[in-house]
Amino acid sequence: MTKTEKNKLILKQLLLNLKEKFDITTDFYDGEGHGYFDFGVTENGVEYMFNLYRTHYTVISTLLKGQKGFERGQELENEIENFIKKEIKRINHDLFIKFGF
């Protein structure tokens with residue numbers, strides 16, 4: 001298995017796990033081909049939009065300081081990033097057990 005194949009497996013599993021953990025209401029899409037996915041998480045009837053960068057798995061909220069919901073968007077951004085870090089470790093461990101790398 002190549003590094004590219006491994007990264008595709010990690011990304012696929014990560015997106016599935018994010019859907020299980022968070023209420024993803026705008027699905028992951030890369031309409032512009034800029035190397036990140038746009039997605040939305042709905043909480044209490046409010047949708048918060050984020051970008052997930054596919055090369056280093058960082059998440060950035062699209063809300064700007066001063067906009068309504070900015071603080072909660074930042075909190076969700078941190079929650080999602082922490083979840084991603086844990087999941088990548090777990091997925092890598094599972095791949096190591098399954099494939100030996």
Side-chain angles (χ1 to χ4, degrees):
M1 177 177 291
T2 67
K3 184 177 178 181
T4 301
E5 291 170 329
K6 180 182 174 186
N7 287 337
K8 284 182 182 181
L9 283 175
I10 291 170
L11 181 61
K12 181 179 178 181
Q13 188 61 49
L14 180 62
L15 296 181
L16 290 172
N17 295 354
L18 281 166
K19 288 179 183 181
E20 288 179 14
K21 173 74 174 171
F22 298 94
D23 185 12
I24 306 292
T25 49
T26 299
D27 207 354
F28 301 92
Y29 65 94
D30 184 9
E32 299 294 323
H34 293 301
Y36 61 85
F37 294 100
D38 296 316
F39 70 101
V41 174
T42 296
E43 182 179 84
N44 299 322
V46 178
E47 184 175 45
Y48 299 89
M49 294 300 296
F50 300 93
N51 302 124
L52 170 64
Y53 290 86
R54 67 172 80 214
T55 54
H56 41 74
Y57 305 111
T58 56
V59 175
I60 297 177
S61 171
T62 61
L63 290 173
L64 301 174
K65 192 171 185 173
Q67 286 183 305
K68 184 179 179 181
F70 172 78
E71 289 81 13
R72 183 59 188 141
Q74 293 296 297
E75 291 169 0
L76 277 171
E77 179 182 308
N78 290 329
E79 288 177 33
I80 294 168
E81 277 204 340
N82 288 332
F83 178 78
I84 287 172
K85 287 176 188 175
K86 290 176 186 174
E87 285 302 298
I88 288 175
K89 285 181 184 179
R90 191 186 62 72
I91 294 166
N92 273 319
H93 178 264
D94 291 349
L95 288 174
F96 179 78
I97 298 299
K98 188 171 182 176
F99 297 108
F101 62 83

Taking only residues at least two apart or on different chains, which pairs with a member in residues 45-71 satisfy salt bridge (charged side-chain N to carboxylate O under 4.0 Å, His left out)?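 Passing the test, one end in residues 45-71: Asp30-Arg54.
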
Please report the shortest heavy-atom distance between [X] and [Y], naming the atom on each side.
{"X": "Asn92", "Y": "Lys6", "answer": "OD1-CE, 3.3 Å"}
{"X": "Thr62", "Y": "Gln67", "answer": "O-OE1, 4.1 Å"}
{"X": "Ile24", "Y": "Asp27", "answer": "CG2-CA, 4.1 Å"}

In Å, rounded to the nearest 0.5 Å, how long is the span from [atom1] of [X] to [atom2] of [Y]?
{"X": "Asp38", "Y": "Met49", "atom1": "CG", "atom2": "CE", "answer": "5.5 Å"}
{"X": "Asp94", "Y": "Lys89", "atom1": "CG", "atom2": "NZ", "answer": "14.5 Å"}
{"X": "Phe28", "Y": "Phe50", "atom1": "CZ", "atom2": "CZ", "answer": "10.5 Å"}
{"X": "Glu81", "Y": "Leu76", "atom1": "CD", "atom2": "CG", "answer": "12.0 Å"}

Within-4.5 Å side-chain heavy-atom neighbours: [X] and [Y]:
{"X": "Gln74", "Y": "Leu63", "value": "no"}
{"X": "Glu79", "Y": "Phe83", "value": "no"}
{"X": "Leu95", "Y": "Ile10", "value": "yes"}
{"X": "Arg90", "Y": "Asn17", "value": "yes"}
{"X": "Ile60", "Y": "Tyr36", "value": "no"}
{"X": "Tyr57", "Y": "Leu11", "value": "yes"}

Tell me whether the centres of the aromatic rings in Phe39 and Phe22 are closer together than 6.0 Å.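 No, ring centres 6.0 Å or more apart.
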
When the ring planes of Tyr53 and His56 are compared, do they come out parallel, tilted or perpendicular, using 30° and 60° as the limits? parallel

Path from Ile84 to Leu15 over hydrophobic side-chain contacts below 4.5 Å: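 Cluster IDs for Ile84 and Leu15 match.
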
Same apolar cluster: Leu18 and Ile91, side chain cutoff 4.5 Å: yes

Heavy-atom donor-acceptor pair, Glu77 side chain to Ser61 backbone, under 3.5 Å: yes

For Val41, which of Ile80, Val59, Val46 qualifies under side-chain contact (heavy atoms from CB on, under 4.5 Å)? Ile80

